Amino acid sequence: MGFIDEDYLLQSDAAAALYDAIADLPVVDPHNHIDVAEVVENEPWTDIWEVEGATDHYVWQLMRKRGVPEEKITGDADNREKWNALAEVCPDFAGNPTYEWIHLDLKRRFGVEKSLNAETADEIWSKTKSQLAEPQKRPQEILREMNVEALCSSDDPTSRLEYHERAETEVEGVDIRPTWRPDRALKVENAEWSTFVLELASVTESDVEAFDGFLDALAETHEYFVDHGCVACDIGVGTDPVSRPVSRERAGGVYERARRGDALDDAEVRDFKAFLLEYVGRLNAEAGWVTQLHIGAVRDYRDSLYDEVGPNAGGDVSTRDVDIVEGLDYFLDAFDGEMDIVLYTLDPTHYPSATVIARAYPNVSIGPAWWFNDSPFGLANQLERVASVDLLANYAGMVSDSRKVVSYGSRFEMFRRTLANVAGEMVECGQIPADNARRLVEHVAYDRPKELYGL
């Protein structure tokens, strides 16, 4: 087998046949961090660093691990220097999925057959730079080339979605939807929470002095997203998912104290989050949205990186210290059969709990192996568990979770090849017939996410 050849990742004839059946299906991506403005404006990228490295904290983390100074990652060095720095250490990325994504991007989007290293850096820079000047290599054209049919960005409730409105008429062939993400509303313990409340008041022209005004303003943004085609809500519950019955009076009292700037104790923070989580769930259920819960991320764990570069820079980690069974019990019972819920668990030690929860609740689905786990190893591990404990037919499907347009094709290709391997192994072992395996992988790769999200 050659490097990223036609048999890349495929371990049997059965897997190869199954991958052939799904390789060219359209991409439906219900969760990502795409810059919608970048797509709508459709300006050409300047160079391959802007395409491959400028927004990708996966790349940044690995460059740091190999000793590249921050100046040549997120700092003031020019893009050519940053590209050369990436090229020099890229061979050391081998074994990490980022290595494969980079080369899949280069091969599939730019026809680059050589691997990236210090010797090939200049050649690849020049070859890709000339292509990026061509109209067919602009963001919208790249999305169509990758056969992206639908994607859902992740958006703050205060967003006015101007570029989503423009996308409806200015982006042909790609259905771009917003996703309502109220994380800042729930994080009452953060200093930035008060800023969010003021922004919410400004965009809705609401009086948020009282708790009812805050809730009404939040509901107004929710309805605004409904009017703009939103089909899902993202909620990052982090390391402390908490759901329990909390009275409106109790939550309102916490709100008033937070607005005054009083210090809140742990019980007050947890009660406020529990009330608001249920309130958001009610809004989602009434709108017919999918509620996506992202569990287990410890944000900005590396203090020095946060101080120097800021959030979303590659300083986040995961933890196993999350009780999702107890933490989500009340919420799941409250919305049993009322709305679709997708669980994303960042630490793989939570897969056993998540899959048995999904097995118990028909309206709960497992989201794809997320973030640190979206490698061939991590994807296969999760798919095998979902198949054996829950139902693979009810798996939520793949998401790119990416800020980088060109990576959508690569990430979905890696997922589909891994899915074909998992199902192909079942065929080879006599567990399922080939025709049923083909129907299953087609369903998981395309039909299931379209059905689940109504796209």
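What you see is a predicted model; the values in this text were computed from it and never measured. Heavy-atom basis, side chains included; hydrogens, waters and symmetry copies ignored.
Under the side chain to side chain contact (heavy atoms under 4.5 Å, CB included) test applied with Leu343, the options Thr291, Val237, Ile357 reduce to a single match, Ile357.
Separating the CG atom in Leu132 from the NZ atom in Lys137 is a distance of 8.0 Å, to the nearest 0.5 Å. Considering NE2 of His228 and NE2 of His164, their distance stands at 9.5 Å, rounded to 0.5 Å. Put simply, CG on Leu293 and CD1 on Ile235 are 5.5 Å apart, with the number rounded to the nearest 0.5 Å. Within the model, atoms CD of Glu451 and CG of Asn394 stand 8.0 Å from one another, a figure rounded to the nearest 0.5 Å. In this structure, CD on Glu326 lies 10.0 Å from CZ on Arg244, to the nearest 0.5 angstrom. With values rounded to the nearest 0.5 angstrom, Leu379 atom CG is found 7.0 Å from Phe415 atom CZ.
By the salt bridge (Lys or Arg N to Asp or Glu O under 4.0 Å) test, Glu141 pairs with Arg144, sequence neighbours left out. Qualifying side chain to side chain contact (heavy atoms under 4.5 Å, CB included) partners for Glu168, counting only residues two or more places apart in sequence or in other chains: none. When the side chain to side chain contact (heavy atoms under 4.5 Å, CB included) test is applied to Asp227, the partners found at least two apart in sequence or on another chain are Glu223.
For His31 and Trp370, the distance between ring centers is not under 6.0 angstrom. Two rings, from Phe211 and Phe275, have their centers less than 6.0 Å apart. The distance between the ring centers of Phe335 and Phe331 falls below 6.0 angstrom. For Phe93 and Trp101, the gap between ring centers reaches or exceeds 6.0 Å.
At a cut-off of 3.5 Å, with distance as the only test, no side-chain donor of Asp35 or Tyr163 sits close to an acceptor on the other residue. For the residue pair Tyr8/Glu413, the side-chain donor-acceptor check at 3.5 Å is not satisfied. Donor-acceptor pairing under 3.5 Å is recorded for the side chains of Arg448 and Ser365. Looking at Ser206 and Thr204, their side chains do bring a donor and an acceptor atom within 3.5 Å of each other. Asp47 and Asn79 share a side-chain donor-acceptor pair at under 3.5 Å. Side-chain contact annotation: Thr239 with Thr319, donor-acceptor N/O pair under 3.5 Å absent. Counted by atom type alone, His33 and Asn312 present zero donor-acceptor pairs between their side chains at under 3.5 Å.
Looking only at distances, a side-chain donor or acceptor of Thr355 sits under 3.5 Å from a matching main-chain atom of Tyr351. The closest donor-acceptor contact from the side chain of Gln382 to the backbone of Gly367 lies under 3.5 Å. When atom types are taken as modelled, the side chain of Asp29 and the backbone of Val148 share no donor-acceptor pair closer than 3.5 angstrom. Of the possible polar contacts, none joining the Thr158 side chain to the Glu199 backbone as a donor-acceptor pair under 3.5 Å is found. Between the side chain of Trp180 and the backbone N or O of Ala232, no donor-acceptor pair lies under 3.5 Å. Put simply, the side chain of His294 never gets that close to the backbone of Asp234: no donor and acceptor are under 3.5 Å apart. Although no hydrogens or angles enter the test, the distance criterion places no donor-acceptor pair under 3.5 Å between the side chain of Gln292 and the main chain of Val342. Between the side chain of Asn32 and the main chain of Ser400, no donor-acceptor pair closer than 3.5 Å is present. The backbone N or O of Ile48 sits nowhere less than 3.5 Å from a side-chain atom of Lys129 that would complete a donor-acceptor pair. Although no hydrogens or angles enter the test, the distance criterion places a donor-acceptor pair under 3.5 Å between the side chain of Arg177 and the main chain of Gly229.
Annotation for Arg359: atom CZ does not count as buried by contact number, only 12 or fewer foreign heavy atoms lying within 6.0 Å. More than 12 heavy atoms of other shown residues, nucleotides or ligands fall within 6.0 angstrom of atom CD in Glu145. Asp13 CG: 12 or fewer foreign heavy atoms inside a 6.0 Å radius.
By the 4.5 Å heavy-atom criterion applied to side chains, Val399 and Tyr344 are counted as neighbours. With a 4.5 Å cut-off on side-chain heavy atoms, Asp347 and Asn373 do not count as touching. Side-chain contact between Asp316 and Tyr301: absent, with no pair of heavy atoms (C-beta onward) separated by less than 4.5 Å. Residues Val51 and Asp105 are not in side-chain contact: their nearest non-hydrogen atoms beyond the backbone lie 4.5 Å or more apart. Considering only heavy atoms from C-beta on, Lys187 comes within 4.5 Å of Glu189 through its side chain. Between Ser407 and Tyr58, every side-chain heavy-atom pair lies at or beyond the 4.5 Å cut-off. Side-chain atoms of Phe377 and Pro97, non-hydrogen and from C-beta on, never get closer than 4.5 Å to each other.
Between Asp156 and Arg184 there is a salt bridge, since at least one side-chain N of the basic residue sits less than 4.0 Å from a carboxylate O of the acidic one.
Ring orientation note: the planes of Trp60 and His57 are nearly perpendicular, at an angle over 60° on the 30°/60° scale.
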